[in-house]
Structures are given as structure tokens and as C-alpha cells.
Amino acid sequence: MKIHEYQARDLLSAYGVPVPPGRVARSAEDAARIAEEIGLPVVIKAQVLVGGRGKAGGVKLARTTEEAREAAGKILALTIKDIPVEAVLVAKAVDIRKEYYLSVTVDRANKKALCIVSASGGVDIEELAVKEPEKILKHYIDPLRGPDEKDLREFLSAAFPKKLLDQALAALLNLYRLMIDKDCSLVEINPYAQIDETTVIAADAKINFDDNGLPKHAEVEALRTAEEYSREEIEAKEAGLSFVSLDGDIGCIVNGAGLAMATMDIIKHFGGEPANFLDVGGGASKEQVTAAFKIILSDPNVKGILVNIFGGIMDCNIIATGIVAAVKETSLKLPLVVRLEGNNVVAGKKTLAESGLSLVTGDSMADAAQKVVKAVGK
Ligand code: GDP
Ligand code: MN
């Protein structure tokens, strides 16, 4: 799970990492008022759960209240990487002398926490990592032993001058403590900004959480915003479906998580790529099946659909009726392969056959998977 910068700043601050004063605003008017309260100049920053806001025009400096209002209005009208900006952070602008990079993440392969620092932080850090990887410094912390201050100080001294070293060390130790306490998968400060001779502060904050840790942290779960989900995922949630979008071109409608996994596997086995994981659950209604079709059809990459239903609790005829209704309602033009098995399957197949729709039926999972892979042209 990801959280917004304005939320991440609060957590950093609670863990003793200094951040410039700032507050979130949802209108240009609010932004102007907050700017006056915290004192000008301010930076107005788009609050969206993606990086690269600076380069997308989502970070603007404002010297007067009027400029703050105007900048906030412009940023609130932006769409960054397909996400409409709905809130801005209004933060006290700092004079940045130098931009450092500081983060802690989980290295699963090494079963350790990985600290990354650079003396060349800022918006081009990804490019730097490719072009000049030697400027990105790494250090592992064994979570069973915990951080060793002496080791960390030595590591940090390769990036920070002596007069900033104590602050950088304290910040890194605090990032690590935050990560362990809250089960974060990433805690990142970029830029970690030097604002005068002797001070470094967090001028941006990014925190991601391990979803598996969320049940332990109600206070973290409470930070979740609607944007955390894709639009399809929100629609699926509202329809009571579990949906995960993937990169392929075969839309899948399946009942039961186990069967959904097996369906994705068998599609891959026959050379296809699933576009999603979609579990309509044990007792899907006609409305849910229609919702499932609509969600899948909203993905422009989908070139064919496979419905794979095992009627245990589920009555195959309800699914069949749902499919017929959904195909008509969505005026489906894509190839559709249906494999039904189990409870009341004879009636289900009859409903499909009598519908007059041009769908293909599969006798088994393997048969259906092969047919849909062929239909999308693989
Ligand atoms: P990102 O592009 O999404 O990572 O957004 P950031 O919050 O990191 O902002 C992008 C860039 O804007 C930073 O790297 C800084 O160069 C600049 N910036 C952000 N806040 C300030 C500020 O208070 N003062 C100054 N001078 N520059 C800032
Ligand atoms: Mn940044």
C-alpha cells in the first residue's frame, strides 16, 4: 500500500525526521489560506501516488498568496500519469543548497534491509542509477542483529560531509525504526535537502507498506485513500469481486481464487497472457457477472475473454444467464470462450446454446484455454 506525501511527512516527523511545515489542501482557496498561515514562500505539490511529479509540472514555487492560489489551481487541474490531482501539499519552501537521497527498503533475496544513499539526489535519481551507478551507495542491515551505528556512520561518510553526518545518521536510524515498526517495504526521502551550512531536512517523503503487515497496523490501514486502487479495482470492490489487473490480453472471469490461479497458469501454459485475475466468488449474481464483464472490457488491451466456472455452490445456469445478459448489455464484440462445469451445467449449456450469441464453448479447462489463446491470435 502506498500513502501520499502529506501522510508520509507526518510519519517521518513522528519518527524524529525534520520536515518543513506544511498542510494538505483540496482547493486553490484552501491552498492560499494555508500559504498565509505557514508563511511565504511556499511550494505547492500535487498529491498523487506516483513519482516524477516535479517533471510533470506538479511542483510549483509560490512567493505570494496570489501565486499560491494560482499554482494550486493549475496543479489541481492536472492529470499526472492518468491520475487526476485532487489534493495539493502546501509546504514552506526551503532554499535547497544540495539534494541528497536517502532510503531504506527490503531486499527479499538477501533477507536484509537495504539502505541506499546518494550525494546526487533529486528528480534524476533513476537516470543516475543507470548512468552512474557508482554514485548510488548501498549498505545492508541484518534485521536479526539490527543496525550497527559505527558501520552506518562509516557508510554515510562516503556521501555526507562531516557537519551533516550526525543528522544523516539519526535520519537513517529513524527510517529503519519506522520501517521495522510499521512493516514498510520502502521509506524514501528524495530530496534529503541541505538548506544551510549545517541542516538537512526531508523535502519529499515516500512510504510504501507491505500489505501482509497491514492487519497488524490499523493506524496505517486508516491512511488508505481511494486512489490506492485502480479504477477497475474500485469498481470490482463495489461489485463484491476480487480483481487484480495484469499485463496480458486475455480477460478471465472465474469463480474461486484457486480456480482463478489455475486458469491463469493454463493460459500461460498454452502461450497466452492473462489480462487480469478476477474471482466472482462462490455465489456470483447476474449483476456481478455483468459488472465483471464491464470491468474487463474497460481494459483496452483485452482481445478475448475466457469464462471458467465450476458450479459447486454456484448454479451454472445463473452464470449462463448472467453471461448472456452481460454480452448483450455490453454489446461484446471480442471472442468469448466459456467453460462451465458442475451444478446444473446442462441447463447452463442450454441457456448459452439458445442465446444465439456467437460464443465458443470449451469442454475442459485445457480445451477452453487453447481456444481463447488461439482466438487472440497467439
Ligand atoms: P517528485 O518529483 O515527485 O519526486 O517531487 P519532489 O517533492 O521531490 O519535488 C521535485 C523537486 O522540486 C525537488 O527535487 C526539488 O528540486 C524541488 N523542490 C521541492 N520542494 C522544494 C522547496 O521547498 N524548495 C526548492 N527550492 N525546491 C523544491
Ligand atoms: Mn522526490
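Every number for a ligand or one of its atoms is a count from 1 in the order of the listing.
With hydrogens and angles ignored, the 3.5 Å screen pairs no side-chain donor or acceptor of Arg339 with any backbone N or O of Ala366. Asn174 places a side-chain N or O within 3.5 Å of a backbone atom of Tyr15 that can act as its donor or acceptor partner. Side chain of Thr105 to backbone of Ser185: a donor-acceptor contact under 3.5 angstrom is found. A donor-acceptor pair under 3.5 Å is absent between the side-chain atoms of Asp249 and the main chain of Lys303, judged by distance alone. With hydrogens and angles disregarded, no donor-acceptor distance shorter than 3.5 Å links the side chain of Lys135 to the backbone of Ala119.
Distances shorter than 2.8 Å separate the Mn ion (ligand 2) from the protein N/O/S atoms Asn190 O, Asp204 OD2.
For the residues Ala46, Pro191, Gly54, the heavy atom positioned nearest atom 2 (O) of ligand 1 is part of Gly54. With Val123, Asp95, Ile189, Val94 as candidates, the residue nearest to atom 26 (N) of ligand 1 on a non-hydrogen basis is Val94. The residue from Ile125, Val50, Asp204, Ile201 that puts a heavy atom closest to atom 4 (O) of ligand 1 is Asp204.
At a heavy-atom cutoff of 4.0 Å, ligand 1 is contacted by no atom of Leu61, backbone or side chain.
Remark: ligand 1 atoms within the under-4.0 Å shell around heavy atoms of Arg53 are 1 (P), 2 (O), 3 (O), 5 (O), 6 (P), 7 (O). The ligand atoms of ligand 1 that sit less than 4.0 angstrom from a heavy atom of Glu99 are 13 (C), 14 (O), 15 (C), 16 (O). Less than 4.0 angstrom separates some heavy atom of Val43 from each of these atoms of ligand 1: 20 (N), 21 (C), 22 (C), 23 (O).
Side chains of Ser364 and Asp367: no donor on one and acceptor on the other come within 3.5 Å.
Note on Asp363 versus Lys371: no salt bridge recorded, every NZ/NE/NH1/NH2 to OD/OE distance being 4.0 Å or above. Looking at Lys74 and Glu70, a side-chain N of the basic residue comes within less than 4.0 Å of a carboxylate O on the acidic one, giving a salt bridge. Under the 4.0 Å criterion applied to side-chain N and carboxylate O atoms, Arg26 and Glu86 are not assigned as salt-bridge partners. The pair Arg33-Glu37 meets the salt-bridge criterion, since a charged nitrogen lies less than 4.0 angstrom from a carboxylate oxygen.
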List, one per line, each side-chain donor-acceptor pair under 3.5 Å for residues 213-220, sequence neighbours excluded.
unit_1	atom_1	unit_2	atom_2	d
Lys216	NZ	Asp183	OD2	3.2
His217	NE2	Asp183	OD2	2.7
Glu219	OE2	Lys182	NZ	2.8

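The protein heavy-atom contact nearest to atom 19 (C) of ligand 1 is Val59 CG1, 4.1 Å. Summary of contacts: the protein heavy atom closest to atom 28 (C) of ligand 1 is Ile96 CD1, 3.6 Å. Counting only heavy atoms of the protein, atom 7 (O) of ligand 1 lies nearest to Lys45 NZ, 2.6 Å.
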